[in-house]
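These notes are about the structure you will find just below.
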Amino acid sequence: QVQLVESGGGLVQAGGSLRLSCAASGRSFSAYAMGWFRQGPGKEREFVAAITWSSGYPGYADSVKGRFTISRDNAKNTVYLQMNTLKPEDTAVYYCAAKKKHYSGLLGPYDYWGQGTQVTVSS
């Protein structure tokens with residue numbers, strides 16, 4: 001019913017940039033917020049950034065503040081993650097997620113998840 005499709009991942013050198021996209025679709029799709037999470041090798045999934053759908057209020061993990069920017073295009077039902085000054089530690093599968101309710105703000109729980117897109121940052 002609700003689908004989230006990530007794109008834009010790839011291999012990049014340290015210091016480079018990538019822009020991830022997440023397109024949401026579904027007849028009944030609605031969300032309080034869209035977020036990005038990532039899971040690196042041998043690590044648990046962690047929060048990266050999120051944005052409220054209506055107002056565009058953003059939130060970021062401390063590890064990416066000043067380097068990553070989240071944005072959304074309401075008309076396209078698409079959320080973006082601009083990643084600059086990438087580091088090898090940013091290597092992970094990046095997942096797009098949608099949160100139905102405002103409860104707990106930009107944190108959990110998220111209700112819908114994409115399949116992820118691989119970001120690999122070389123030294």
Side-chain angles (χ1 to χ4, degrees):
Q1 187 177 29
V2 175
Q3 290 182 292
L4 304 175
V5 180
E6 303 97 333
S7 62
L11 176 64
V12 65
Q13 289 183 295
S17 299
L18 286 172
R19 190 178 80 155
L20 305 183
S21 298
C22 174
S25 63
R27 181 178 177 180
S28 62
F29 177 79
S30 64
Y32 161 71
M34 300 285 288
W36 288 96
F37 296 75
R38 67 187 182 187
Q39 187 168 19
K43 298 180 179 180
E44 294 185 346
R45 186 175 296 182
E46 65 177 348
F47 171 80
V48 176
I51 189 166
T52 59
W53 197 248
S54 60
S55 66
Y57 179 85
Y60 298 94
D62 288 342
S63 60
V64 305
K65 286 181 179 178
R67 297 190 298 121
F68 291 10
T69 303
I70 189 169
S71 61
R72 87 276 191 261
D73 185 337
N74 290 24
K76 297 291 185 182
N77 282 348
T78 300
V79 63
Y80 306 94
L81 185 68
Q82 178 67 45
M83 305 186 295
N84 298 327
T85 319
L86 283 161
K87 305 174 180 179
E89 63 201 68
D90 295 317
T91 295
V93 177
Y94 283 71
Y95 296 91
C96 177
K99 188 178 191 294
K100 289 181 180 179
K101 307 296 184 181
H102 69 272
Y103 181 76
S104 77
L106 294 178
L107 303 179
Y110 280 74
D111 304 285
Y112 304 102
W113 295 84
Q115 292 299 305
T117 185
Q118 177 70 48
V119 172
T120 302
V121 184
S122 62
S123 301

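Every value quoted in this text rests on a predicted model; they were computed, and no experiment measured them.
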When you group the ILVMFWY residues by side-chain heavy-atom contacts below 4.5 Å and let the links chain together, are [Y] and [X] in the same group?
X   : Y    : answer
V93 : W113 : yes
V64 : Y95  : no
Y60 : W53  : yes
F47 : I70  : no

Steps toward side chain to side chain contact (heavy atoms under 4.5 Å, CB included) verdict (M34, L4):
CA-CA 10 Å; M34 300 285 288; L4 304 175; 3.8 Å; yes
Flag for [Y]-[X]: side-chain donor and acceptor within less than 3.5 Å:
X   : Y    : value
T91 : E89  : no
K99 : Y112 : no
S17 : N84  : yes

With sequence neighbours excluded, what pairs up with Y110 under the ring-ring contact (aromatic ring centres under 6.0 Å, His included) test?
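For Y110, the residues satisfying ring-ring contact (aromatic ring centres under 6.0 Å, His included) (neighbours in sequence not counted) are F37.
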CD/Q115: more than 12 non-hydrogen atoms of other groups inside 6.0 Å:
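Count not over threshold, so no.
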Could you tell me whether the side chain of R45 and the main chain of Q39 form a donor-acceptor pair under 3.5 Å?
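Here the side-chain-to-backbone pair does not exist.
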Main-chain N/O of G116 paired with E6 side-chain donor or acceptor, under 3.5 Å
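Yes, the answer is positive, given that a donor and an acceptor are paired below the 3.5 Å cut-off.
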Run the numbers on F68 and T85 for side chain to side chain contact (heavy atoms under 4.5 Å, CB included), then give the verdict.
CA-CA 8 Å; F68 291 10; T85 319; over 6 Å; no
Under a 4.0 Å threshold between the charged nitrogen and the carboxylate oxygen, would D62 count as salt-bridged to K65?
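Judged by the 4.0 Å cut-off on N to carboxylate O distance, K65 and D62 do form a salt bridge.
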Salt bridge between D111 and K101, side-chain N to carboxylate O under 4.0 Å?
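Judged by the 4.0 Å cut-off on N to carboxylate O distance, D111 and K101 do not form a salt bridge.
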Looking only at non-hydrogen atoms, find the nearest pair between P88 and S123 and report the distance.
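Taking every non-hydrogen atom into account, CG-OG, 3.7 Å.
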State, to 0.1 Å, how close Y32 and G105 come at their nearest heavy-atom pair, and which atoms those are.
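Y32 and G105 have their closest heavy atoms at CE2-O, 3.2 Å.
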Between [atom1] on residue [X] and [atom2] on residue [Y], distance to nearest 0.5 Å:
X   : Y    : atom1 : atom2 : value
R72 : S21  : CZ    : OG    : 15.0 Å
E46 : S63  : CD    : OG    : 5.5 Å
L81 : T117 : CG    : OG1   : 11.0 Å
L11 : Q118 : CG    : CD    : 9.5 Å
R67 : K87  : CZ    : NZ    : 4.5 Å
L86 : L18  : CG    : CG    : 5.5 Å

Let's go through T120 and V12 carefully: what are the C-alpha distance in whole Å and the side-chain angles of both, what is the deciding distance for side chain to side chain contact (heavy atoms under 4.5 Å, CB included) to 0.1 Å, and is it a yes or a no?
CA-CA 6 Å; T120 302; V12 65; over 6 Å; no
Show the numbers, then the answer: is there a side chain to side chain contact (heavy atoms under 4.5 Å, CB included) between L106 and Y57?
CA-CA 9 Å; L106 294 178; Y57 179 85; 4.0 Å; yes
Please determine which of N74, T78, V79 meets the side chain to side chain contact (heavy atoms under 4.5 Å, CB included) test together with K76.
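That would be T78.
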